[in-house]
**Student:** 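Below you will find the structure I want to go over with you.
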Amino acid sequence: MHLTDTFQSALKGITVNVNRSLLTMLGIIIGVGSVVLMSAIGSSMQGVILGQISSLGAKSMVIFPGSSEGGPSALGAGRDSLTFEDIRELEQLGTITTVAPIIYGAGPATYGKEESSAQIFGVTAAFFDNQNLPAIEGRLIDTSDVNGNRYVALVAPEARDKLFGQEDPIGKSIKVGSNHYTVIGVTKALGSQFFQSADNRIYIPYSVARQVTGQKYVNYVTMTATESFAVAIDDVKFLLRRRHGIKNPADDPKKDDFIVHSSEEAGQILGSVSLGLTLFITTIAAISLIVGGIGIMNIMLVSVTERTREIGLRKALGATHRDILLQFLTESVMLTVIGGLIGMVGGVALAVITASIVKNILATYVFAISLPSMIIAFLMAVITGLVFGITPAKRAAELSPMEALRYE
Amino acid sequence: MADPSVPLIEIQDLSKSYFNDGVETPVLFHLNLKIHKGEFVAIMGPSGSGKSTLMQILGFLDAHTNGEYIFQGEPTQALDDDALARIRATRVSFVFQAFNLLPRTTVLQNVMLPLIYHPTIPSGERQKRAERAIELVGLTPRTDYLSSQLSGGQKQRVAIARALVTNPDVIFADEPTGNLDSASGVAVMQALKKLNDDGHTIILVTHELGTAQHAKRIIRIKDGHVESDTSDFTRLNTESAHNLK
Ligand SMILES: Nc1ncnc2c1ncn2[C@@H]1O[C@H](COP(=O)(O)OP(=O)(O)OP(=O)(O)O)[C@@H](O)[C@H]1O
Ligand SMILES: [Mg+2]
């Protein structure tokens with residue numbers, strides 16, 4: 001039998017019973033498609049998490065007031081253990097740099113008739129270094145704004161949209177609390193941090209925030225380690241414990257009235273979240289593949305009677321064992337490969353759609369695919385199709401023509 | 001090709017049992033037969049006597065259990081799968097009672113099917129040969145019909161065209177008229193008769209004496225034994241007259 005005959009017989013086998021072929025392919029399409037979709041969601045979520053990690057800055061550290069039970073939720077809760085004097089001394093430490101104290105609150109902001117509530121951040125120029133946050137319009141708050149107690153404001157994109165809509169905000173005057181500020185710039189979008197939008201913010205100079213709030217403490221401090229985190233964290237703890245009169249040689253975080261975090265440990269936490277997510281997605285993907293595989297298997301087994309008789313007839317007409325196997329192999333390869341490709345394309349398309357929907361809720365969610373899982377899904381589906389396509393054919397080919405023709 | 005004194009088909013002490021889940025069903029017992037090239041043989045006998053079983057063994061569609069099957073002077077015992085496939089592709093053809101056409105496939109493609117397994121007929125010649133075979137059974141106007149769009153008699157003639165397209169040494173037909181009305185049956189028998197006149201060896205199973213009388217020799221099988229083997233048509237005719245009361 002010529003190769004072209006094998007190919008034509010296989011093509012005939014596929015087209016002669018379109019429903020059977022479509023159902024077989026459907027199993028493969030579902031199997032591959034759902035794996036591709038699930039793994040794409042997994043990759044996108046990992047991207048979100050990695051984005052969280054990198055938004056923390058490479059060597060960034062943060063000090064929150066309060067004890068460890070409070071955790072980051074103590075943020076803005078009015079804990080007053082971090083004083084201005086603490087900040088001044090932290091600035092003297094050689095193992096950290098860009099010490100950025102933050103006074104934080106929330107309140108109404110108005111521009112003309114537009115009123116909206118926003119997060120108000122009193123910051124120094126160092127804050128923007130630590131956050132890696134540039135201005136997309138106008139300029140950032142700089143040292144002269146802070147030293148000169150200037151009533152200027154920098155708005156984040158969401159706050160800008162709420163107050164100004166399409167209008168150019170630069171140079172406009174907004175009212176925050178009972179004071180007026182001149183808008184000097186717009187920051188780049190931060191997306192979400194710890195799954196919370198960081199873009200409904202208005203930044204004002206730290207010195208001005210101290211004045212208008214009358215607050216005697218800072219809400220948190222960000223900084224950058226100059227060498228290793230370990231040394232920097234030790235230095236910070238030593239300094240603050242000395243200043244706050246805390247004796248804590250055993251380094252028990254419960255005894256402290258502050259918490260030091262580094263982007264390294266945050267990265268580790270997010271990394272383990274990401275690992276859990278990967279395992280979860282992999283499990284679901286494996287289940288989809290098994291379901292798809294069972295579908296393929298069923299269709300192949302259902303058509304086995306008809307195919308066995310066909311094999312009997314072909315053998316009666318002179319087909320060799322090899323002719324039969326080659327035909328069925330070719331048929332199965334065509335079906336599974338076409339199905340697998342459709343599944344991949346479909347899965348990717350669904351992942352794109354998913355991304356465009358989720359983006360509205362989670363701004364940093366971007367479409368991503370996992371090539372290895374696509375390849376694995378494809379290969380698994382093809383192998384399943386081949387095994388269940390060929391095994392019955394192989395069994396039938398081993399029968400005498402009459403035994404195969406009698407099969408029911 | 002072969003020495004004409006060598007029988008086309010010779011079986012010696014041939015027996016066949018079916019085995020299903022270890023249960024043995026003996027069907028044929030110690031048969032001895034010789035069939036020569038050019039013969040037209042009808043095999044008759046009661047239902048269940050083993051006619052189809054014998055035909056399938058002679059047509060290389062099933063294996064026998066004991067004894068010898070010598071085809072064109074060569075023992076077939078030791079032949080491997082590929083050698084048997086080659087014999088099926090080139091030397092013998094089978095016409096089934098149940099037609100066994102490929103579904104959802106045209107007459108032409110059905111008739112061309114054996115040619116893709118034929119080792120020597122060039123692929124360029126297939127269509128021409130198939131069309132000639134279709135013409136021989138009088139189905140040229142139906143060449144592009146699907147097998148499902150044919151009557152029973154037409155299907156069987158397609159099966160005959162498929163059987164003769166490889167120009168085999170022998171054509172086996174197991175009750176080719178069994179599913180047909182008498183008019184279609186006559187058309188099928190005429191097609192087979194014409195093949196025999198052209199020198200093809202035909203071996204046929206039938207229940208009907210009228211059909212068997214197209215043959216030149218009648219072998220009667222009963223309970224797996226050869227009951228009679230005769231070319232004496234005067235006796236047959238009286239017998240048939242007797243049967244018709
Ligand atoms: N696959 C099989 N397994 C077991 N027994 C079988 C099988 N095929 C046929 N037989 C038995 O072999 C015997 C002969 O069957 P066979 O089909 O050869 O009869 P037949 O002479 O062709 O009958 P009919 O005229 O009804 O077609 C029957 O008793 C049948 O039950
Ligand atoms: Mg029979």
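Letters go in sequence order (proteins before strands), and every chain restarts at 1.
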**Student:** Can a donor-acceptor pair be found between the side chains of B:Asp82 and A:Thr320 at a distance below 3.5 Å?
**Tutor:** no

**Student:** Tell me, for B:Pro103 versus chain A, whether the close heavy atoms (under 4.5 Å) come from the side chain, the backbone, both or neither.
**Tutor:** both

**Student:** When you measure from the side chain of B:Arg88 to the backbone of A:Leu317, do you find a donor-acceptor pair of N or O atoms at a distance under 3.5 Å?
**Tutor:** no

**Student:** Counting only heavy atoms from other residues, nucleotides and ligands, does the tally under 6.0 Å from CD of A:Glu306 exceed 12?
**Tutor:** yes

**Student:** Counting neighbours of CZ on B:Phe29 that are heavy atoms of other residues, nucleotides or ligands and sit closer than 6.0 Å, is the number greater than 12?
**Tutor:**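 Enclosed.
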
**Student:** Where on B:Tyr18 is there a heavy atom nearer than 4.5 Å to chain A: the side chain, the backbone, both, or neither?
**Tutor:** side chain

**Student:** Going through the distances and angles, do A:Glu310 and B:Arg104 end up as a salt bridge (charged side-chain N to carboxylate O under 4.0 Å, His left out)?
**Tutor:** CA-CA 12 Å; A:Glu310 182 193 327; B:Arg104 297 169 285 259; over 6 Å; no

**Student:** Please classify the contact between B:Asn100 and chain A as side chain, backbone, both or neither, with a heavy-atom cut-off of under 4.5 Å.
**Tutor:**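 For B:Asn100, the contact with chain A is made by backbone and side chain together.
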
**Student:** Can you tell me which of A:Gln8, A:Arg314, A:His321 forms the most heavy-atom pairs within a distance under 4.5 Å of chain B?
**Tutor:** A:Arg314

**Student:** Mind running salt bridge (charged side-chain N to carboxylate O under 4.0 Å, His left out) on B:Asp81 and A:Arg322 for me, showing each step along the way?
**Tutor:** CA-CA 10 Å; B:Asp81 262 7; A:Arg322 191 172 154 273; over 6 Å; no

**Student:** If I compare all heavy atoms of B:Ala85 with all of A:Ala319, which pair ends up nearest, and what's the gap?
**Tutor:** CB-O, 3.7 Å

**Student:** Checking side chain to side chain contact (heavy atoms under 4.5 Å, CB included) between B:Leu61 and each of A:Lys315, A:Glu403, A:Met402, which is the one that passes?
**Tutor:**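 The passing option is A:Met402.
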
**Student:** Is it the case that atom CE in A:Met380 sees more than 12 heavy atoms from other parts of the structure closer than 6.0 Å?
**Tutor:**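 Counting neighbours around CE of A:Met380, 12 or fewer heavy atoms of other residues, nucleotides or ligands fall under 6.0 Å, so no.
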
**Student:** Side chain to side chain contact (heavy atoms under 4.5 Å, CB included) for A:Leu405 and B:Gln56? Distances and angles first, verdict last.
**Tutor:** CA-CA 11 Å; A:Leu405 274 167; B:Gln56 287 154 10; over 6 Å; no

**Student:** Is the count of non-hydrogen atoms from other residues, nucleotides or ligands lying under 6.0 Å from A:Leu3 atom CG greater than 12?
**Tutor:**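 No.
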
**Student:** Which bit of B:Thr105 comes within less than 4.5 Å of chain A, counting heavy atoms only: side chain, backbone, both or neither?
**Tutor:**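 The answer is both parts of B:Thr105.
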
**Student:** Side chain, backbone, both or neither: which part of B:Phe60 has a heavy atom under 4.5 Å from chain A?
**Tutor:**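 Contact with chain A: backbone only.
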
**Student:** Heavy atoms only, distances under 4.5 angstrom: which of A:Leu399, A:Asp323, A:Thr4, A:Thr6 has the most pairs with chain B? Name it, please.
**Tutor:**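 Result: the option with the highest number of such pairs is A:Asp323.
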
**Student:** Tell me the closest heavy-atom pair linking A:Leu313 and B:Leu101, and the distance in Å.
**Tutor:** CD2-C, 4.4 Å

